[in-house]
Amino acid sequence: MNNYHHINTQTELEQLIDRYYDGETSVQEEQELRQCLADCPWSSEVIDGARFTMGYYAAHTSQQQRAKRRSNRLRMTGIAATIAIILGIGAFTLWHQQQPGDVCIAYVNGQVVQENEQVMAMIADDLEKMDNAADAMTNQLSSLGEAIELDNQ
């Protein structure tokens with residue numbers, strides 16, 4: 001039979017198998033049948049029987065199982081990565097919630113001061129001292145400027 005065309009459907013494959021068993025296929029059709037049985041994803045009683053008869057069933061089943069295992073491995077890896085991310089975010093959130101909120105700690109003369117009010121009072125006192133020092137310095141510079149002006153007159 002020379003009117004053979006490429007196998008596109010499961011039905012065409014099953015019809016070709018029937019023709020093969022009836023001895024009505026060409027050498028080219030037999031080669032195509034063997035190739036299709038080795039590679040195609042279709043499965044039926046007729047197709048699996050032909051694979052078994054031609055020795056392709058074990059190879060085809062093995063390929064399908066490898067593909068399925070690979071797919072399962074990828075799926076499990078994705079699930080494991082998702083779980084790891086969720087656990088990491090959860091652990092960080094729990095850790096962050098256990099951290100104290102607004103805590104002020106100051107070291108004064110080697111002593112630790114942890115009471116917020118006391119630390120804030122010390123900061124306010126230091127800022128006031130710096131402001132007074134800045135005012136004194138401004139006054140001194142102003143006085144110096146006046147003295148220079150008097151000398152220049």
Side-chain angles (χ1 to χ4, degrees), residues 1-138 140-141:
M1 295 252 156
N2 291 332
N3 59 358
Y4 171 71
H5 63 278
H6 194 70
I7 302 168
N8 294 318
T9 66
Q10 181 174 338
T11 304
E12 288 179 10
L13 177 59
E14 289 173 346
Q15 289 172 352
L16 183 60
I17 291 169
D18 288 339
R19 289 183 43 240
Y20 172 78
Y21 286 135
D22 291 339
E24 298 174 355
T25 55
S26 67
V27 173
Q28 180 186 359
E29 288 174 319
E30 288 181 25
Q31 290 173 348
E32 185 67 26
L33 174 62
R34 292 177 190 281
Q35 182 66 41
C36 188
L37 287 174
D39 296 333
C40 77
W42 301 312
S43 180
S44 71
E45 189 174 326
V46 173
I47 294 172
D48 292 343
R51 281 191 178 119
F52 183 76
T53 301
M54 294 183 172
Y56 290 112
Y57 187 75
H60 180 73
T61 303
S62 176
Q63 286 175 351
Q64 285 181 330
Q65 287 174 347
R66 277 195 304 269
K68 190 173 184 178
R69 281 193 304 263
R70 189 176 311 121
S71 174
N72 286 342
R73 258 187 263 132
L74 289 175
R75 188 177 307 123
M76 293 304 288
T77 301
I79 291 170
T82 302
I83 290 171
I85 289 170
I86 290 170
L87 288 176
I89 291 170
F92 176 77
T93 302
L94 287 174
W95 173 80
H96 194 303
Q97 287 175 349
Q98 292 175 355
Q99 297 301 311
D102 298 329
V103 175
C104 294
I105 298 175
Y107 292 92
V108 181
N109 297 326
Q111 299 293 324
V112 177
V113 179
Q114 291 184 342
E115 292 183 32
N116 290 352
E117 295 81 21
Q118 190 177 0
V119 172
M120 296 308 283
M122 291 170 59
I123 291 172
D125 186 46
D126 286 345
L127 289 174
E128 186 179 340
K129 287 178 185 175
M130 286 193 300
D131 189 42
N132 291 340
D135 287 342
M137 194 181 248
T138 302
Q140 286 178 356
L141 288 174

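Along the sequence shown, residues are numbered consecutively beginning with 1. In what follows, every heavy atom counts, from backbone to side chain, and hydrogens, waters and symmetry copies are set aside.
Expressed to the nearest 0.5 Å, how far CG of N8 lies from SG of C36 amounts to 9.5 Å. One finds the CD atom of Q15 at 7.5 Å from the CG atom of D18 (value rounded to the nearest 0.5 Å). Once rounded to the nearest 0.5 Å, the distance linking CD1 of I7 with CG of L16 reads 4.5 Å. Atom-to-atom distance recorded for E32:CD and L37:CG is 10.0 Å, nearest 0.5 angstrom. The distance from the CG atom of L87 to the CG atom of L94 is 10.5 Å, given to the nearest 0.5 Å.
For the pairing with I79, the side chain to side chain contact (heavy atoms under 4.5 Å, CB included) check across T82, I83, T77 returns one residue only, I83.
The side-chain heavy atoms of L33 and L13, taken from C-beta on, include a pair separated by under 4.5 Å. You'll find the side chain of Y20 reaches within 4.5 Å of the side chain of R34, heavy atoms only. Residues Y107 and V113 have side chains not in contact (no heavy-atom distance under 4.5 Å, counting atoms from C-beta outward).
Salt bridge R51/D48: present, at least one basic N to carboxylate O contact under 4.0 Å.
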Does the pair M120 and I123 meet the rule for a side-chain contact (heavy atoms from CB on, under 4.5 Å), with working shown?
-> CA-CA 5 Å; M120 296 308 283; I123 291 172; 4.3 Å; yes
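Put simply, the side chain of Q35 never gets that close to the backbone of Q31: no donor and acceptor are under 3.5 Å apart.
Between I47 and E14, the closest heavy-atom pair is CG1-CG, 3.9 Å. Taking each heavy atom of R19 and E29 in turn, the nearest pair found is NH2-OE2, 2.8 Å. Summarising the geometry of Q10 relative to S43, their closest heavy-atom pair is NE2-O, 3.5 Å, with the distance given to 0.1 Å. Residue A50 comes nearest to Y21 through the heavy atom pair CA-OH, 3.3 Å, listed as atom of the first residue, atom of the second, then distance.
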